[in-house]
Amino acid sequence: MEHLSYTVTAPRAAGGTRRQAIIGVVASGNLEVLAERVLATDTCTVDIATAARGFAPVWQAVIADFVALRAAGGLRLSINDGGARPDTVALRLAQVVRLIEEPEA
Amino acid sequence: MAEWCEQRDALNQRLAAGQSHAAGKRVPLDRLPALLESVLRPGDRVCLEGDNQKQAEALARALAQVDPARVHDLHMVQSGVVLPEHLDVFEKGIARRLDYSYSGPQAARIARMLFGGKIALGAVHTYLELFARYFIDLTPHVALIAAVSADRDGNLYTGPNTEDTPTVVEATSYKSGLVIAQVAKIVDKVPRVDIPGDLVHFVVETGTPFYVEPLFTRDPAAITETQILTAMLAIKGIYAPYGVRRLNHGIGFSTAAIELLLPTLGERLGLKGKICTHFALNPHPTLIPAIEAGWVEQIHCFGSEVGMEDYVAARPDVFFTGPDGSLRSNRAMCQTAGLYACDMFIGSTLQIDLEGHSSTVTTSRIAGFGGAPNMGSDARGRRHPSDPWVKAGVEADPLGSPALRRGRKLVVQIGETFGEGNAPLFVERLDALDLAHKLDLELAPVMVYGDDVTHIVTEEGIANLLLCRDKDEREQAIRGVAGYTEVGRGRDPAMVARLRERGVIRRPEDLAIDPLDADRSMLAARSIKDLMLASGGLYRPPSRFRNW
């Protein structure tokens, strides 16, 4: 198990009012992402616990593109990763941002 | 004084030697090794029928039992090296030389044996290429083939899995070679004559059907959101603008996703009747929903697919069927159809390099080619125009004289940027080069050459290589869809941006696709059971795919 942690400046604040959102499952090739709206609106942190070692440069690239593309300011993201491919990670991150934007059910 | 009939004399000697084990053409199963010992000569070229689907496994078993002191140094010329027995004959010294096409399940062992010098390799071929050589310089002296049933005269019924048999028999029997067939059953009258009895010399009844691998069944439950996204990109960015009606699909999950998106996304886009009307394709279960929704006019098949027999028999307007009602497949004919009469091939691969060469071999596995390179290559002998072919030709050569400009077949590689075990799809150097070096091969085993590839589709977008004007543009177009692989992260962002402005690279948003819409609910069937229900119960999935 490898633990990675990133704090990045986010150009856009997350939309909506939900306090938190969770998406995905911890399974082989998949991941679970918990988003909590607890930070300043220009900051995003990502904490990763991953089963696959040695992919730090890839995580960094995925997260840099993610905050540039999606409104992630104010979110603390916690990831439990089962060795998901980068495209799956990018998809789940986009999904969790969309979910936290949605009105409370 | 020249001798003109030595081969016919040799056939007569083989027939006479074999006759002591036969009653008429019929040979008891337990006499099969003895029959083979009496008719085979050291050094014979032998075709042991088997490909990626059907297998003459009783004959393979018997050949592996012959005495290497009597039968040795055979030259095997066969489509598939698939069963353990196919390699046992080399371990035992019964066979020495090998020319073949496909070796899926034996890929690792064949690589070890080639490296260990147990096999003298001629070449790895495509199916059509090996069939062609059967008629020029690799004509079998003896063919060991598989059919469903035979009558007393040796007329054979091959059923839906006819596949390679007519080609093998044609090359062998008409050149004074010997043909031995295994059948499950000897009957009074065969349901249809696939192979005329006068071309068949001995028949052995095995009591069990020949083995067939369900190679073309893809469980919709295993299709990922990323595969759905790449499928959406392909439909909106390639199928629709080129109007691709005549095509072949590979066997991967991305193309299965495309098949399952036709009745949903395709319908919404108004593409019915405009794309995917004619296929050179095995009866893929994942095509059932599109067929049922009236998308597909006609399909010609290389082989059959386990469980699809009744469905195909009930849809003779779509499939080629015989007077008995069941599918007639023919690999050589279908490969030719895929080469000359299709405007597009789309399939997956394991590795793509910076020039667009692709390969499915790794340093420890040599899987062979099968038929993909026939489909995935521009047919330079093609002369008839079609809209997609002409449009692709214009993109490749916009300034050429219209009446003298060749069209281009669309050859599309589709896949996720990372594959099994997070292995990158894009690499600086193909493993095939290391394998070729290790085995001292003159040619690296390349599945599709870069100059044949027209498009690469990943979840990041589509690269149109027809629009690239030099080597640098081509490399950056490939890097530009290579995602987070090292190749992708090594791109020149400014050049990739310029390529995107010119439409060489198209992102999901350029095609009005939101990656968040790539959802499994878009699939017309989400499980094998859904496919069975869509077929009205006519599709009978093999037990390994039944989980209900």
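The sequence lines fix the lettering, A, B, ..., with proteins before strands; numbering per chain opens at 1.
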Chemist: First locate atom CG of A:D87, then atom OG1 of B:T224, and finally report the distance between them rounded to the nearest 0.5 Å.
Modeler: 7.0 Å
Chemist: Can you tell me how far the CD atom of B:E225 sits from the OG1 atom of A:T88, to the nearest 0.5 Å?
Modeler: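 With rounding to 0.5 Å, CD (B:E225) is 7.5 Å from OG1 (A:T88).
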Chemist: Within residues 58-67 of chain A, which residues come under 4.5 Å of chain B, heavy atom to heavy atom?
Modeler: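 Interface residues of residues 58-67 of chain A: A:V58, A:A61, A:V62, A:D65.
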Chemist: Keeping to residues at least two apart or across chains, list the salt bridge (charged side-chain N to carboxylate O under 4.0 Å, His left out) pairs with something in residues 20-43 of chain A.
Modeler: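 Sorted pair list: A:E36-A:R76.
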Chemist: Taking heavy atoms only and a threshold strictly under 4.5 Å, list by residue number the residues of residues 476-489 of chain B that touch chain A; give 'none' if the list is empty.
Modeler: B:Y484, B:R489
Chemist: To check you understand the geometry: which heavy-atom pair defines the closest contact between A:A84 and B:N422, and what is its length?
Modeler: O-ND2, 3.9 Å
Chemist: State which residues pass salt bridge (Lys or Arg N to Asp or Glu O under 4.0 Å) with B:E416; sequence neighbours excluded, sorted by chain then number.
Modeler: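 Scan of B:E416 (salt bridge (Lys or Arg N to Asp or Glu O under 4.0 Å), adjacent residues dropped) gives A:R85.
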Chemist: Locate the shortest heavy-atom distance separating A:L91 from B:P515; write the atom from each residue and the value.
Modeler: CD1-O, 3.8 Å
